[in-house]
Amino acid sequence: MVNYWAIAIGINQYQLFQPLDCAQADAEAIKDYLLNQAGFPPENCLLMTNTSPPRGDKSSYPTKENILSLLQELAATFWQPEDYLWLFFSGYGVNYKEKDYLMPVGGDPEQIIETGIEARSLIQSLEFTGLKVLLIFDINRAFGTQADAPVGQEIIELAAELQMGAIISCEPEEFSHESTELGHGFFTAALLEALGSGKGYDLSDLASYLSYLTPKLCQYHWRPVQNPITVIPAQQPAILPILTLDENSESIIFPEASFAVTKTAPLVENSDSSTTIDQADCIENASVATTLNQIPTASVLETVPASHGEGRFIPPITTHKDKPSSRSQMPLWQQFIIWGGGNMVIVALLTTFLLRHHENFRFENLSRIVFNNTTSATQFSQISPTNQNRSTHQITLNTDSKKRNQAILELEKMSLVPTQPGDLVTAIAKSRKIKANTPIYAKTQENIQVWCQMILELAQTQAQQRKYENAIATAQLITKQESLYSQAQTLIKKWQIEDKQYVNNKTLLDQATASIIPEQASTYNSAIAVAKKIQRGQPGFEIAQTSINQWSEKILNLAKIRANQGDFQSAISTAILVPTGAIAYEDAQDAIQKWQLQKN
């Protein structure tokens, strides 16, 4: 009997790499789909994440040892030739000495061979089992480390050589990206959309859908384009199980709700297959995606005919436009009375109110004008030479404020949002089309300058939140033809350095935290010494100070426990470990004096 198996690995919290946001959610969503929608047996769907539950008495924590041990156990005990396996991995991958490695939770960019999982050995061992394997790797490259090298080429070549199905999230020279808005990596979001739309039965169909949708998602979210690569074996396996037909049915029927995949990507309208982004395409994609993003997932599903002899049938789904409108069922004359009469009542009430209070309005407006003019004249007469610079600065601020207000007003006219970098780029692209000989050209150039400044401010806010990758991507939206380009490039270089420093500092803190033994004050003291290496002004300094204060409180609490037990000497020795500058330092010094008196 042929069985279908799935191993979904997703790692967010690495010990020595910068944490990822969506890898665990990627693996969980793939496992849930295969289990609940595709009909994989529950005992055959295995999940390995930072928080996944153990399998019986065996840990599912995604260490190198646990991953390889699981594969060896399944190969020796459960797998049979001709079984099907989905192996999904979302996490870091590196290339070292022209060999690809998948990095488990303890992967070390400085010791890749010792801590990574060699892709060649992994794939060859799977080929030896006789399984029909589909490899799906959403690989993130470790930006800013010595492991920052193109990864995936060896996997692609080996899969083609062994005639094994494989899908890689991007080309070797590209980067895979995540989206907190989608809740997944862009590639996995496209994969879930494809599976949820019934595209997962045939590998060729799945590859075509992913090749189209993944770069479109990147364009829509203003991220560098990534293009998935698929290896399709000569004899394509049925990558999803064929469910048994119902006795009274001629087709395979799937529940409508089974394809409503949560957190899937917004659909994007058809266009050419080119992945080059120009300004016109960006405007079109942004506007279309913005509209379609408001449509619920279930409303974009369609009836998919069985394109293959053993294809799936998805029942038609009622969309919003299929639902009858209660207003359309009402006779026209009733609609006119209700809406027309209601509007007339509102107009009558407003007119009555204005007529009764028009004198008050006139008086208040006149008073305000007179007061403002008087005040302005008085202030002008009182300007002295020493206040001239201050007044000039104030005038400049007022002018800048007017320009910003005008630019924001223009965004509102175009139904664009000032806090969305993509909308600002769209506005700039549209305004660039205004010719120099038109009356509004000068005002348009002022708006472009303001919008570029707003993009840069959004990037700076992201950098302050330590979201350096997002900040860099946002700042890169400022092109060479903009006056703020040099400033943006300077900030990008600065943030790249800070990002690397932040990762290093966070790694230090993680190692310090891991070294703590709860009942040993000396381990807290050692961790504090490590945290103190992060200097003021460096990224992660605030986190380090918070950790120092928390660990100092732990030391003081241990000292108090020992004092309560009557061991004042030990309590004093422990409290001395609270460092100067910690919030608990003064309390520790007071306690030491108190315990010294009690000891005597």
Side-chain angles (χ1 to χ4, degrees), residues 181 215-225 266 268-269 271-272 274-294 372 376 391-464 470-495:
E181 181 180 351
K216 285 295 182 183
L217 286 176
C218 296
Q219 291 179 14
Y220 170 51
H221 290 274
W222 299 100
R223 304 301 293 275
V225 170
V268 185
E269 69 174 4
S271 68
D272 57 67
S274 174
T275 57
T276 302
I277 307 176
D278 58 23
Q279 292 179 338
D281 288 339
C282 291
I283 297 169
E284 179 183 355
N285 292 337
S287 60
V288 172
T290 301
T291 302
L292 292 178
N293 197 33
Q294 299 171 356
N372 288 342
S376 300
S391 300
T392 304
H393 178 64
Q394 186 64 41
I395 292 171
T396 303
L397 290 178
N398 291 339
T399 303
D400 291 344
S401 178
K402 288 180 180 179
K403 289 181 180 179
R404 179 175 287 255
N405 291 338
Q406 177 63 34
I408 292 175
L409 182 61
E410 290 299 322
L411 290 174
E412 293 176 352
K413 290 179 181 179
M414 291 184 283
S415 300
L416 299 175
V417 181
T419 57
Q420 294 295 326
D423 284 6
L424 294 170
V425 172
T426 300
I428 292 171
K430 286 184 176 181
S431 298
R432 284 290 177 199
K433 297 179 181 179
I434 304 298
K435 296 182 179 179
N437 57 356
T438 58
I440 62 172
Y441 178 77
K443 183 63 67 176
T444 301
Q445 294 303 305
E446 290 180 358
N447 290 341
I448 291 175
Q449 180 71 16
V450 173
W451 292 331
C452 288
Q453 183 63 43
M454 293 168 69
I455 290 175
L456 209 54
E457 290 170 1
L458 291 172
Q460 289 171 321
T461 300
Q462 291 169 334
Q464 290 170 0
N470 293 341
I472 292 170
T474 300
Q476 286 173 341
L477 297 176
I478 299 178
T479 61
K480 291 183 178 180
Q481 62 187 122
E482 309 300 346
S483 60
L484 293 177
Y485 176 75
S486 296
Q487 184 179 348
Q489 292 301 306
T490 300
L491 288 173
I492 287 171
K493 292 177 182 178
K494 173 176 175 286
W495 293 334

Report yes if some heavy atom in the side chain of Leu456 is under 4.5 Å from a heavy atom in the side chain of Thr474; otherwise report no.
-> no
Kindly compute the distance separating CG (Leu416) from NZ (Lys430), expressed to the nearest 0.5 Å.
-> 5.5 Å
Among Thr426, Asn447, Leu424, whose side chain to side chain contact (heavy atoms under 4.5 Å, CB included) with Leu411 holds?
-> Leu424
Heavy-atom nearest pair, Ala463 first then Ala471, reads N-CB, 3.7 Å
Check whether any side-chain heavy atom of Leu491 sits under 4.5 Å from a side-chain heavy atom of Trp495, and report yes or no.
-> yes
Heavy-atom check, side chain of Pro418 versus side chain of Asp423, under 4.5 Å = no
Spatial distance of atom OG (Ser431) from atom CD1 (Ile448) [nearest 0.5 Å] = 5.0 Å
Which atom of Ala488 lies closest to which atom of Ala475, heavy atoms considered = CB-O, 3.9 Å
Which distance, rounded to the nearest 0.5 Å, do you find between the OG1 of Thr479 and the CD1 of Ile428?
-> 7.5 Å
Please check if any side-chain donor atom of Gln406 sits under 3.5 Å from a side-chain acceptor atom of Glu410, or the reverse.
-> yes
Any Lys/Arg nitrogen of Arg404 or Glu457 sitting under 4.0 Å from an Asp/Glu carboxylate oxygen of the other?
-> yes
Under the side chain to side chain contact (heavy atoms under 4.5 Å, CB included) rule, what do Ile408 and Met454 come out as? Steps first, then yes or no, please.
-> CA-CA 10 Å; Ile408 292 175; Met454 293 168 69; 4.2 Å; yes
Test side chain to side chain contact (heavy atoms under 4.5 Å, CB included) applied to Asn405 and Lys402, step by step | CA-CA 5 Å; Asn405 291 338; Lys402 288 180 180 179; 5.6 Å; no
When rounded to the nearest 0.5 Å, the distance separating OH of Tyr220 from CD of Glu181 is 6.0 Å
List, one per line, each side-chain donor-acceptor pair under 3.5 Å for residues 435-444, sequence neighbours excluded.
from	atom 1	to	atom 2	distance (Å)
Thr438	OG1	Lys435	O	2.6
Thr444	OG1	Ile440	O	2.7

Electrostatic pair Arg432:Glu482 at N-O distance under 4.0 angstrom | yes
Gap separating the CG atom of Leu409 from the CE atom of Met414, nearest 0.5 angstrom | 10.0 Å
Between the OH atom in Tyr485 and the OG1 atom in Thr490, the distance rounded to the nearest 0.5 Å is 10.0 Å
List the atom of Ile478, the atom of Cys452, and the distance in Å for their closest heavy-atom pair.
-> CD1-O, 3.7 Å
